[in-house]
Amino acid sequence: MQFSVRSFPRAILHVDGDAFFASCEVARNPRLRGKPVVTGKERNIAASMSYEAKRRGVTRGMPIGEIRRVCPDAVILPSDYETYSLYSRRMYEIVRRFTPTIEEYSIDECFADLTGLRRLHKTSYENIAAAIKKELARDLGMTFSVGLGPNKVIAKVASKFAKPDGFTIIPAKKIHRFLADLPVGKIWGIGGSTSAYLNKLGVITALDFASKDRLWIEQSRFSKPYREIWQELRGDFVLELELSPRRDIGSIIKSRTFTPPTADRAFVFSQLSKNIENACIRAREHGMRAKVVAFYLRTSEFSHKGLELCLAVPLAVPTEIIKIVGNNFDKVYRSTIRYRATGVVLSSLVASGAATLDLFGETGRIEGMRTVFDTIDMLDRRYGKHTVFVGSSAVAMAEPQHTGERASIPDRRRHLFKGESKRQHLNIPFLGKVK
DNA sequence: TCTGGGGTCCTAGGACCC
DNA sequence: TCTGGGGTCCTAGGACCC
């Protein structure tokens with residue numbers, strides 16, 4: 001078989017969190033270290049378990065009752081996706097210290113392209129990969145299995161080769177050694193149906209597949225994804241990384257014009273609230289919080305007037321920002337002037353990760369809100385934006401004739417925040433009660 | 001009105017992933 | 001190996017138009 005001559009025509013890294021959810025729980029609460037930890041209590045089945053729990057016989061999907069039987073001292077916790085996604089963002093940020101070319105593949109995995117970075121870091125690809133792995137463990141308090149290969153498929157083989165805490169380098173010339181004993185169905189992208197078909201054709205191991213020639217592949221009528229996997233198993237680089245945008249943007253602007261112009265204070269403020277909400281969604285998408293908030297009102301004569309506010313604590317929580325802006329709104333608003341637009345600028349953004357290294361020491365109230373809005377972000381991703389929205393934006397959401405939005409408002413748009421009282425219990429129909 | 005090739009768009013279903 | 005829900009990608013086929 002003819003594999004690539006060079007070891008790393010491209011140097012692709014795959015990083016895979018070990019027992020990620022359980023590891024996040026341990027990282028957050030060091031007293032759990034060394035104990036059998038299981039998450040998934042809210043669904044009554046194990047979603048993720050520490051290696052201590054795995055050694056005691058706990059498996060994915062095992063009912064809680066059975067877990068207690070096989071491992072009576074298991075620490076069983078409900079899933080806390082807000083925390084897991086926070087650790088996930090931190091993971092990406094650490095990898096980004098070494099390369100901007102990263103694909104955020106899933107909550108506990110990413111790919112990174114190290115090609116061309118030997119000069120910058122003045123060392124080999126292997127040493128760069130080792131340094132990334134070391135910083136991940138040091139800064140996150142959990143282990144990762146890391147694989148380096150000439151493409152994504154081989155990098156995946158490498159990271160799976162030794163788990164947990166694995167570190168596997170597969171230069172193109174050594175690929176065949178790693179594929180010889182690997183069942184073809186273990187390859188990323190080859191599932192049960194295709195491996196059954198391959199087995200019928202006499203292809204049992206990944207090496208069997210990689211050794212087939214192009215004519216055989218064409219005659220066997222494989223679709224594009226399988227032809228690409230076959231190429232990558234031979235050492236070619238085919239599957240591009242789907243690059244995830246950097247999160248450290250400088251500022252976020254949200255503005256909206258409405259017609260006709262109006263002097264209605266409540267309406268203008270609700271428009272501004274809606275912009276703040278949208279800007280905060282953006283900030284949280286990027287894992288950032290603002291230290292400075294500016295808002296402005298544009299008059300029907302196209303002049304505009306605004307105010308810049310410095311926050312004591314970096315925020316990406318709309319209710320807090322809306323409250324602060326509300327306290328300063330009348331410094332800008334005049335009841336005799338008709339307005340045609342509002343806008344908000346969030347600037348001096350800081351990464352939530354950096355700003356929250358002392359995350360669990362922050363004030364309870366804001367921390368509670370952060371959890372609420374992480375949950376809302378999750379619902380937005382799942383059910384579409386503005387499934388839930390804050391009370392002061394309700395007028396803006398419900399008046400399509402002013403904003404040009406479609407008139408129909410889906411049933412699941414529930415008004416969850418009554419007024420601006422501080423602590424609410426949100427009745428989110430899909431999740432039950434969320435605090 | 002018919003024949004026919006070729007393009008675009010949409011949908012359904014299969015396969016696979018986390 | 002199974003559980004389960006949600007999402008993406010690809011392909012094939014149908015409808016439609018020129």
Side-chain angles (χ1 to χ4, degrees), chain A residues 12 14-24 38-49 53-54 57-67 69-70 76 78-81 84-85 87-89 91-92 102-111 144-145 147 151-157 159-160 163-164 182-201 203 206 209 217-233 238-244 285 375 377-385 387 412 428-432:
Chain A
I12 306 300
H14 182 247
V15 175
D16 195 345
D18 298 319
F20 188 68
F21 293 176
S23 295
C24 289
V38 180
T39 73
K41 192 179 186 184
E42 78 289 351
R43 285 204 302 152
N44 277 314
I45 52 167
S48 168
M49 51 275 156
K54 279 183 195 175
V58 179
T59 57
R60 211 166 117 78
M62 181 181 278
I64 298 295
E66 198 182 341
I67 295 171
R69 197 169 53 73
V70 302
I76 304 170
S79 302
D80 175 5
Y81 293 102
Y84 309 153
S85 62
Y87 275 92
S88 182
R89 291 200 299 269
M91 167 181 80
Y92 305 142
I102 164 171
E103 174 179 339
E104 298 172 359
Y105 180 69
S106 75
I107 195 163
D108 65 339
E109 290 178 43
C110 65
F111 292 97
F144 291 81
S145 292
N151 57 49
K152 286 166 80 170
V153 170
I154 298 301
K156 267 272 203 183
V157 170
S159 68
K160 268 172 83 171
K163 263 180 146 306
L182 191 64
V184 72
K186 295 280 184 187
I187 296 293
W188 178 50
I190 296 180
S193 171
T194 305
S195 57
Y197 177 53
L198 284 164
N199 289 348
K200 285 268 190 300
L201 298 173
V203 173
F209 189 38
I217 295 294
E218 281 164 15
Q219 287 173 344
S220 304
R221 303 197 59 77
F222 286 104
S223 63
K224 192 177 160 200
Y226 303 102
R227 295 195 300 267
E228 289 170 341
I229 290 166
W230 169 77
Q231 273 190 280
E232 293 224 328
L233 288 174
V238 181
L239 300 172
E240 294 288 341
L241 274 66
E242 288 167 32
L243 299 187
S244 308
E285 277 172 4
T375 304
D377 287 342
M378 192 188 72
L379 290 172
D380 280 351
R381 280 194 292 276
R382 198 175 287 173
Y383 301 107
K385 279 205 171 152
T387 300
R412 49 175 140 82
I428 297 176
F430 319 96
L431 297 180

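Every chain is numbered from 1, with letters handed out A, B, ... down the list of sequences. Here the structure is a predicted model, which means the values were calculated and not measured.
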Selection from [options] that lies nearest to any side-chain heavy atom of [X]:
X: A:Ser223; options: C:dC10, B:dC16, C:dC9; answer: C:dC10
X: A:Tyr105; options: B:dC18, C:dG4, B:dA15; answer: B:dC18
X: A:Lys156; options: B:dC18, C:dG4, C:dC9; answer: B:dC18

Provide, to the nearest angstrom, the distance between the [atom1] atom belonging to [X] and the [atom2] atom belonging to [N].
X: A:Ile190; N: B:dC17; atom1: CD1; atom2: P; answer: 9 Å
X: A:Glu228; N: C:dT8; atom1: CD; atom2: P; answer: 18 Å
X: A:Glu109; N: B:dC18; atom1: CD; atom2: P; answer: 5 Å
X: A:Glu240; N: C:dT8; atom1: CD; atom2: P; answer: 20 Å
X: A:Leu239; N: B:dC17; atom1: CG; atom2: P; answer: 13 Å
X: A:Glu103; N: C:dT8; atom1: CD; atom2: P; answer: 13 Å
X: A:Lys224; N: C:dC10; atom1: NZ; atom2: P; answer: 5 Å
X: A:Phe222; N: B:dC16; atom1: CZ; atom2: C1'; answer: 15 Å

**First encountered from the 5' end of DNA chain C, between A:Arg221 and A:Ile45** =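 Of the two residues, A:Ile45 wins.
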**Message:** Counting only Watson-Crick pairs (N1-N3 plus N6-O4 or O6-N4) and G-U wobbles (N1-O2, O6-N3), all under 3.5 Å, who is the partner of C:dG5?
**Reply:** B:dC18
**Prompt:** Sub-3.5 Å donor-acceptor pair from the side chain of A:Ser195 to the main-chain atoms of A:Gly192, do we have one?
**Reply:** yes
**Request:** Give a yes/no answer on whether the side chain of A:Tyr226 brings an N or O atom under 4.0 Å of OP1 or OP2 in B:dC16.
**Result:** yes
**Message:** OP1 or OP2 of B:dA15 versus the side-chain N and O atoms of A:Thr194: is any pair under 4.0 Å?
**Reply:**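 So the side-chain polar atoms of A:Thr194 never come under 4.0 Å of the phosphate oxygens OP1 or OP2 of B:dA15.
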**Prompt:** Among side-chain atoms of A:Ser88 and A:Tyr84, is any donor-acceptor pair under 3.5 angstrom?
**Reply:**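 The criterion, which ignores hydrogens and geometry beyond distance, is not satisfied for A:Tyr84 and A:Ser88.
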**Prompt:** Can A:His14 and A:Glu109 be said to form a side chain to side chain contact (heavy atoms under 4.5 Å, CB included), step by step?
**Reply:** CA-CA 7 Å; A:His14 182 247; A:Glu109 290 178 43; 2.8 Å; yes
**Prompt:** Just checking A:Ile229: base, sugar-phosphate only, or nothing, at a heavy-atom cut-off of under 4.0 Å?
**Reply:** nothing
**Request:** Classify the ring geometry between A:Phe21 and A:Tyr81 as parallel (under 30°), tilted (30 to 60°) or perpendicular (over 60°).
**Result:**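 The rings of A:Phe21 and A:Tyr81 stand perpendicular, inter-plane angle above 60°.
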**Message:** Please tell me whether A:Tyr197 and A:Phe222 form a close aromatic pair, meaning their ring centres lie under 6.0 Å apart.
**Reply:** yes
